[in-house]
Amino acid sequence: MGISLGSRADSNPSKNVADQHLAARLAEAESQGRPLRVKLGIDPTGSDIHLGHSILFRKLRAFQDAGHTAVLIIGDFTARIGDPTGKSATRVQLGAAEVEANAETYLVQLGLGQDPARALLDFETPGRLEVRRNSEWLAAMDLPAVIDLLGTSTVGQMLAKEDFANRYGSGTPISLHEFLYPLLQGYDSVAIEADLELGGTDQKFNVAMGRDLQRHHGLRPQFGLLLPILPGLDGVQKMSKSLGNTVGLAEDALSMYSKLEKVPDAVVNDYLTLLTDLDLAALPVNPRERQKAMALAITAARHGVAAATAAQADAGSLVAGAAGAGAAEAEVPEASLATVNFPAKAFYLLAAVGVCSSSSEARRQIQAGGVKLDGEKLSDPNREFSGTQELAGKVLQLGKKTFRRLVE
RNA sequence: GGGUCGGUGCCCGAGUGGUUAAUGGGGGCGGACUGUAAAUCCGCUGGCUCUGCCUACGUUGGUUCAAAUCCAACCCGGCCCA
């Protein structure tokens, strides 16, 4: 059928993707000496790329390394509609400026201008990467072209898509422009003449749409390679920014490591297979040790082995020596007292320094016993501090994870 | 366009004139516990340098001593009809 599920996302384009169509295309490309054009579309709807995306990028990189051309489509136009896939409600539409800013940070996170050794994609080798924005062809479409596009699909076909079917069935609104999304992103495949498209298994509808549209425009339909979806930190739902269960590529080593070492046991193996090249059989059987090995490997791939090891040590001391006076002191972020108006009451201080999002919340946290100053519990929200000299150099702690060293 | 039902705090969802930021659940945060997590138990979950004062139940007005709760207009949505 031309769409295949990859069972693993590892460092070989075809490994574990048992599909004769893909094999045929790879062989054909080789015999003709023509690299395949491998499409991967990403909508810059947020500012962070997370590990769930990196499955796709790892695979894309594998194609690059095998000599093919990665065509990375920044969905700057489609981002403004919002992919309805997996959504139970209409997305908020984004502004052009916001989308462009997100696009920039995406490229940096993927390795543009970064150390090539840790870059997710190969930005260096000529011919291996094309970065395209789909506003390039979509923004210029006139109404006749849009009508032609709409004519290629039917309401019935659209409603066959699970997300739309669910929403329609439950009486949740579906805006007409959302029907346009699959068509527009499918048209991207036409515009760039993709031989192959990578996507998560949830992208099947969209990828298939690309095939239909290519056929409609007299092109050979792309091959769709669908990769598994990474479960999020909760171990249940897919990793997704809106669910708040992500690990961002931009996160520092400590935060990345400490999130990863806590994922539920049930998904540790998924993380290992999808995000690392480690041999499962060679890893410790003890679940806790396995988690740590996984967290270390993934963190190291992004931040280097040294930083990952340091993060592991810090994470350990944070938990063990939660008193705050431990080895992790050097890693404690600083918070300036410059914006604090003295005399300052304790609850106001927490908010002013950014540890809590409001002074009311700070008051509650203090009353709940979650706040410490230099390891000593702060129990009176109204405790008054007269000036910076009383606080400078001390470590303010909220819960087990949030530390701030106060500086003038 | 007509009819009808509805718009409540981060989300879902009670509440239908009367102390009180407003039941409950989810999520989140904090505490205890543990090999991390989960599970469990407990507490918190609008804002404000706060023993009090503000702002809140789609929007704007109105009725009333008193409104999320009644009325009107408007905006948005579901369903049915056209």
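The sequence lines fix the lettering, A, B, ..., with proteins before strands; numbering per chain opens at 1.
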With the threshold set at 4.0 Å, does a side-chain nitrogen-carboxylate oxygen contact exist between A/E193 and A/R220?
no
Could you label the plane-to-plane angle of the A/H53 and A/Y106 rings as parallel, tilted or perpendicular, counting under 30° as parallel and over 60° as perpendicular?
tilted
Please name the nucleotide paired to B/U51 by Watson-Crick or G-U wobble geometry with both distances under 3.5 Å, or report none.
none
Taking a pair as Watson-Crick or G-U wobble with both distances under 3.5 Å, which nucleotide is matched to B/A72?
B/U60
Round to the nearest Å and state the distance from A/L350 atom CG to B/G30 atom C1'.
12 Å
Applying the side-chain hydrogen bond (donor to acceptor under 3.5 Å, both in side chains) criterion to A/K238, which one of A/T246, A/N245, A/D202, A/T201 satisfies it?
A/D202
Does a nitrogen or oxygen in the side chain of A/S358 sit under 4.0 Å from OP1 or OP2 of B/C48?
yes
A/K400 has its side chain closest, among B/G35, B/A32, B/G47, to B/A32
Establish, with yes or no, whether the OP1 or OP2 oxygen of B/G46 is under 4.0 angstrom from a side-chain nitrogen or oxygen of A/S360.
no
Return the value, rounded to whole Å, for the distance between atom CG of A/L398 and atom P of B/G31.
7 Å
Please report, rounded to the nearest Å, how far the C1' atom of B/C48 is from the CG atom of A/L349.
16 Å
Quickly work out the A/I298 CD1 to B/U36 P distance and round it to whole Å.
21 Å
Paired nucleotide for B/G1 [Watson-Crick or G-U wobble; both distances under 3.5 Å]:
B/C81
So, under a plain 3.5 Å distance rule, would you say the side chain of A/Q291 forms a donor-acceptor pair with the base of B/U36?
yes
Examine B/G28: is either OP1 or OP2 under 4.0 Å from a nitrogen or oxygen in the side chain of A/R364? Give yes or no.
no
